[in-house]
Amino acid sequence: MRRTNASTKPLMIFPRGMQAEPQAFDRVLSSMCTEPHPVAREAAERFLATNPGDPGTYPTISALEDDAIAILGEIAGLEEPAGYLASGGTEANIQAMRIARERADTDRPNVVMPESGHFSFRKAADLLEIELRIVPTDEDHRADLEAVRACVDDDTAAVVGVAGTTEYGRVDPIPELAEIAHEVGATCHVDAAWGGFVLPFTDYEWNFAHAPIDTMAIDPHKMGQAAVPAGGLLVRSSDLLDELAVDTPYLESTSQATLTGTRSGAGVASAVAAMEELWPGGYRTQYVRSQNNAEWLADALEKRGYEVVDPTLPLVAADVPRSTFDALRGRGWRISRTATGELRVVCMPHVTRKMLAAFVADLDRLEVRASVPVVADD
Ligand SMILES: Cc1ncc(COP(=O)(O)O)c(C=O)c1O
């Protein structure tokens, strides 16, 4: 066996012998994560070595998780908050589908979801052996209610609505979807993984107070400015969580409803720190800033002749040609495309007007049709 002498030889963490640095956010325009707020970063570092998955051994972080759920509940209009902090929206969506499957009185469960739903539901369907029925969206990229109605049946375990879609930032008609779900005895799950921290400052009906929804994904590590990993699963009543619980013989606690066992105390602590610092005033200010940035970018793109999808939340999609898109990526811009090929820019907290102006200026250099001066005064 090859031995190394730890006292004389420095530990080589990175194989090429270099200290790797995390990349900067100054060209990141398509991520749904962001730089954590400074208080969230500090809390994450302090609680790095704690595990809320073992509350008997780590009671402090476990109590902080209760605080996190209490604030998330307030944000999402839930009177008696219940849920847990997951690794992200994917886990929260999988777990919500698991609850729905356990509740459904059928051995051939299906889930009905608009085509705008996140791909994590495909993973859920695969893992849980649920049939995923994908229905079209309307001309504004929102769930088509007639299509949903036509698709549900007695085997439907859940109807999914998205509050802040990944590609266009759209909010589905949640009260109507909840009604359709309950008519066939299914649960209604709302995926507000991205939208949950901006929607409280809009007029949309999206949360537990607006509609009789059953479960929700809402992620502090996206617009909530917490460190990764901090997703959130909320349930209307704690008996829904019981559907997930398994006995935990070797732990001091008796049962566990989470999907993973060991979990990140850093994520939990940073979520509490961010939400205590920012809810509601800081998040409101951020929403206004992000929304203004999205409208500024949409306007700048429209003036240059691109077709732009109206940014009803801080997310802009525009029909920039593939070659231009590739050239922008070549210049270091971290951008992505929708399934139908539009450029997609998410105005997360780290995205400034200056960044967007630099992006548009690069676009102008690449495209002959450009001739509009870039003015960024924020
Ligand atoms: C609406 C929505 N739901 C779920 C997810 C998945 O979240 P995560 O990547 O944290 O698992 C995303 C990711 O962007 C999302 O936009």
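Scope of the values below: all heavy atoms of this structure, side chains included, with no hydrogens, waters or symmetry mates. Everything numeric here is computed off the predicted structure, so don't read it as measured data. Each ligand, and each atom within it, is numbered from 1 in the order the structure gives. The first residue of the sequence shown is numbered 1, and numbering continues consecutively from there.
Residue contacts with ligand 1, taken as heavy atom pairs separated by less than 4.0 Å, involve Thr90 via backbone and side-chain atoms alike. When non-hydrogen atoms are compared, ligand 1 lies under 4.0 Å from the side chain of Asn93 (C-beta onward) but not from its backbone.
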List the steps and the verdict of side chain to side chain donor-acceptor pair (under 3.5 Å) for His189 and Asn93. CA-CA 8 Å; His189 173 65; Asn93 286 338; 2.8 Å; yes

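What sits closest to atom 10 (O) of ligand 1 on the protein, heavy atoms only, is Lys222 NZ, 2.8 Å. Looking at atom 14 (O) of ligand 1, its nearest protein heavy atom turns out to be Met32 SD, 3.2 Å. Among protein heavy atoms, the minimum distance from atom 6 (C) of ligand 1 is reached at His118 CE1, 3.3 Å. The protein atom (non-hydrogen) at minimum distance from atom 16 (O) of ligand 1 is Thr166 OG1, 2.8 Å. The protein atom (non-hydrogen) at minimum distance from atom 2 (C) of ligand 1 is Asp191 OD2, 3.4 Å.
Ring orientation note: the planes of Trp279 and Phe201 are tilted relative to one another, at an angle of 30° to 60°.
Met223 contributes atom CE, which lies 8.0 Å from atom CE of Met32 (distance to the nearest 0.5 angstrom). For the atom pair CZ of Phe121 and CG of Asp191, the computed distance is 4.5 Å after rounding to the nearest 0.5 Å. Expressed to the nearest 0.5 Å, how far CG of Leu301 lies from CG of Leu343 amounts to 7.0 Å.
Where the criterion is an N or O separation shorter than 3.5 Å, residue side chain and backbone included, Gly89 meets it with respect to ligand 1.
Within ligand 1, counting atoms from 1 as listed, the ones closer than 4.0 Å to a heavy atom of Gly88 are 10 (O), 11 (O). Which parts of ligand 1 touch Asp219 is read off a 4.0 Å heavy-atom cut-off, strictly below it: atoms 7 (O), 10 (O). Ligand-side atoms of ligand 1 in range of Ala193: 2 (C), 3 (N), 4 (C), range being under 4.0 angstrom from any heavy atom. Near His221, with a cut-off below 4.0 Å to any heavy atom, the atoms of ligand 1 are 10 (O).
For the residue pair Asp239 and Ser237, a side-chain donor N or O sits within less than 3.5 Å of a side-chain acceptor on the partner. Using a 3.5 Å distance cut-off with no hydrogens or angles, the side chains of Trp194 and Asp219 do not pair a donor with an acceptor. Donor-acceptor pairing under 3.5 Å is lacking for the side chains of Gln256 and Tyr84.
Glu243 contributes no side-chain N or O that, together with a main-chain N or O of Arg103, makes up a donor-acceptor pair within less than 3.5 Å.
Assignment of Glu91 to the shell around ligand 1 is not supported, since no heavy atom sits closer than 4.0 Å.
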